[in-house]
There are 2 protein chains.
Amino acid sequence: MKTLSQYTIKRIMSETKRVTIQDIAKRADVSISTVSRVLNNSAAVGEAHRQAVEEAVAALDYRPNIFAKGLAGGVSMTIGILTQNISSPLYDAILYHVLQGIRDSGYSAIIADGQWHPDESRQSLQSLLERQVDGVIIIGGNNEEAHLIELAGAMPMVFVGRHIEGYEHLCICIDEYTGGYMATQHLLDRGHRQIAHIMGIATHPDAIARRHGYECALRDASIEPQAAWVVEGQFTQSSGVLAMEMLLTQGQTFSAVFAANDQMAYGARLALFRRHIRVPDDISIIGYDDQPHSGFTIPPLTTMRQPTDVIGRTATAAILDLLKGNPVATKPLTVDLIVRESVGRIYR
Amino acid sequence: MKTLSQYTIKRIMSETKRVTIQDIAKRADVSISTVSRVLNNSAAVGEAHRQAVEEAVAALDYRPNIFAKGLAGGVSMTIGILTQNISSPLYDAILYHVLQGIRDSGYSAIIADGQWHPDESRQSLQSLLERQVDGVIIIGGNNEEAHLIELAGAMPMVFVGRHIEGYEHLCICIDEYTGGYMATQHLLDRGHRQIAHIMGIATHPDAIARRHGYECALRDASIEPQAAWVVEGQFTQSSGVLAMEMLLTQGQTFSAVFAANDQMAYGARLALFRRHIRVPDDISIIGYDDQPHSGFTIPPLTTMRQPTDVIGRTATAAILDLLKGNPVATKPLTVDLIVRESVGRIYR
DNA sequence: TTCTGGTGTGAAAGCGTTTTCTGAAAAAAC
DNA sequence: GTTTTTTCAGAAAACGCTTTCACACCAGAA
């Protein structure tokens, strides 16, 4: 039983016939230590030898055995990625760009899924560490901060979309407050004065920051935010439907809604559709994230764009730098307003 | 420079202070060979010794070092997953369920992205093999078949959404033909007689099968398929917009459209919106895949649901069985019609 | 009793690297 | 020209595990 698969694996491996450091040592007529040294640039090597080795490496198409490397050197050439949830459009988009950046770095990525759950996240992170990943990129997520801090001091690690006290330079953060402010400001600019807000998960830092931006924008326009204008959602489409229904049945009067993410905006829009309320003619909607789909909703959704490509690239660059021992410093990223057709004008 | 990160890694590793097979050998008062044997069940071991070892393993919370294991045994405890494209909602949904299935198996997953490109796919697959993954799950993708066949004979491998000649038992396939047929049939059932089709990438097997189903359903209803009714898209939203515009400007008359995936359906729907053509009052749309978003479009999209959960679970179960040396046999999966609100009735 | 044939076990040889440790040769200092 | 450093390179010891080999033990057969 077990032996069968063992056998099979052995077979393909022997077919592949890996070339080892021994082979290139022989061909370059040096010792394996020397080969290792030129490979890793870990000590001075005479120019003649170095060239001989490099020639052999190229000629034999040598690829180091990562297991041996891992065993001997404690280096796995692997970057662990902990994502908040695979199949969340936003995180996947970031993931995509991260993977992109890693692909030619010699490292490979191993992905673990936190499933939106602290316990799962912690366990996933643990399994990443057991695999002896050389570094970790944490995308979103809700691990206990204390655990992360402990780790961050001990191994290369970068955080995406999250603020960790004392490790700001490792955090690739979006200025969510300003994002919320800008979204609300856009509504204000178009003449709206009564603006509802569908908030994200109430404990989620991003949700809090966006709401804060919303309230400040309102105040700066001399409008006192009303508690009844904001209703909490779960960042999902169906919670958007519910939220909008709640707003409507409570008899709130408002001409525009700022949804804390696009998915909830979709849901809100559907709730409006059900009641034959037109968008943007009767009520305007603005979302947040600019998911790929948002350009194709009816009507196309005005929203705040997360620079997923920049986020992904920055995260990769940072972890790679960390791995090389270079210092890193990240700067906060900003969100762009994407004006489409879901926000109407109000003239007094 | 380099030494810094090395140092850091060493540090955390020494803090963690791994317990090795030596430690449990000592505690159980047996040789390491015996420990290895009970761990892998690779040879008969006396009952007393076995128990002692198991006790020690539990007490010391022993976790094998995968690098050592990989080096010595040629087994990496890693499953490679090659996905056609990360951040494609359908494949991500499958991926999600695959990951789910792997999470408690002791294996971990390493994900590579084919980027919709044969060369990329091949290279990604290669890098998976270099990592000595124990098995591979290929989700969709467009690698050369020959290469895959060669590999499939040599190592555990399962294919999702793809038919490989001679390895049908390793293919987790959806009956796309029937899916296309059912979608068209639904339109027919609702009285539509003039039905256009927005096809996927013309060379893609799924696209071909769905179109074939469409044509057969038409013929079975005594309607001769018109070449002008089908226009090719790229499986993307914007290609859906284009396709619908082409249909419209060519002056085709049709009361319904079958789009080969939901994304193109979204695009088609937007094109209609632009021309003030109502859905489903003027024209009906049916999609394919049932992406998470489709329940929240305006109007909610009638579509064919891919059983991503079943697909994912089946794939995982299959690869795990293969790895254990058990025989596997997969059965073709079917797609379900999800009736929502984008298809209207026509009464004669 | 002696021989044969399992069983269960430990010693030891790898697996492919990195990294001391050592020594020789070359360069610098006297 | 000798002594003292510095450079460079090879031998060999890890790294933690699997697996072969050899051997001791004990049953059953002769």
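Since we're looking at a predicted model, the values are computed, not measured. Per chain, numbering begins at 1; letters A, B, ... match sequence-line order.
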Worksheet item: For B:N40 and D:dT18, is the shortest distance between a side-chain N/O and OP1 or OP2 below 4.0 Å?
Response: yes
Worksheet, complete the sentence: In whole angstroms, the gap separating P of D:dT19 from CZ of B:R37 amounts to 11 Å
Worksheet item: Side-chain contact, heavy-atom cut-off 4.5 Å: B:T316 with B:I79?
Response: no
Worksheet entry | Minimum side-chain heavy-atom gap B:L99-B:I81 below 4.5 Å | yes
Practice prompt. Would you mind reading off the distance between B:N65 atom CG and C:dT17 atom C1', rounded to a whole angstrom?
Written response: 13 Å
Discussion item. Can you list, in residue-number order, the parts of residues 21-33 of chain B that come under 4.0 Å of DNA chain D, counting heavy atoms only?
Written reply: B:I21, B:I32, B:S33
Discussion item. Just the rounded figure in Å: distance from P of C:dT17 to NZ of A:K69.
Written reply: 8 Å
Fill in: For atom CG of B:D134 and atom P of D:dT18, their distance in whole Å
13 Å
Item to complete: Check for a donor-acceptor pair, side chain of B:T330 on one end and backbone N or O of B:C171 on the other, with a separation under 3.5 Å.
Response: yes
Fill in: Protein-nucleotide distance (B:L39, atom CG; D:dT19, atom C1'), rounded to Å
14 Å
Practice prompt. Check the side chains of A:T78 and A:R131 for a donor-acceptor pair under 3.5 angstrom, ignoring hydrogens and angles.
Written response: no
Response to the item:
B:Q132 CD to C:dC15 C1', in whole Å, measures 10 Å
Worksheet entry | Non-neighbouring partners of A:S124 that pass side chain to side chain contact (heavy atoms under 4.5 Å, CB included), sequence neighbours left out | A:L82, A:A112, B:R103
Worksheet item: Counting only non-hydrogen atoms, which of residues 45-60 of chain B are less than 4.0 Å from DNA chain D?
Response: none
Response to the item:
Correct closest heavy-atom pair for A:T83 and A:Y91 would be OG1-CB, 3.8 Å
Discussion item. Checking A:S36 against A:S33 for the side chain to side chain donor-acceptor pair (under 3.5 Å) test, could you report, in this order, the C-alpha distance in whole Å, the side-chain angles of both residues, the deciding distance, and whether it holds?
Written reply: CA-CA 5 Å; A:S36 174; A:S33 336; over 6 Å; no
Worksheet item: Between the side chains of B:D134 and B:S76, does any donor sit under 3.5 Å from an acceptor?
Response: yes
Worksheet, complete the sentence: Separation of C:dT18 atom C1' from A:N41 atom CG, nearest Å, is 15 Å
Worksheet item: Across the strands shown, which category fits B:S36 at heavy-atom distances under 4.0 angstrom: base, sugar-phosphate, nothing?
Response: base
Worksheet item: Taking the nucleotide of DNA chain C with the closest heavy atom to each, which residue, B:L71 or B:T34, is nearer the 5' end?
Response: B:T34
Worksheet item: Judged by modelled atom types alone, do B:E47 and B:Q51 share a side-chain donor-acceptor pair under 3.5 Å?
Response: yes
Worksheet item: Atom OH of A:Y62 and atom P of C:dG16: how far apart are they, to the nearest Å?
Response: 10 Å
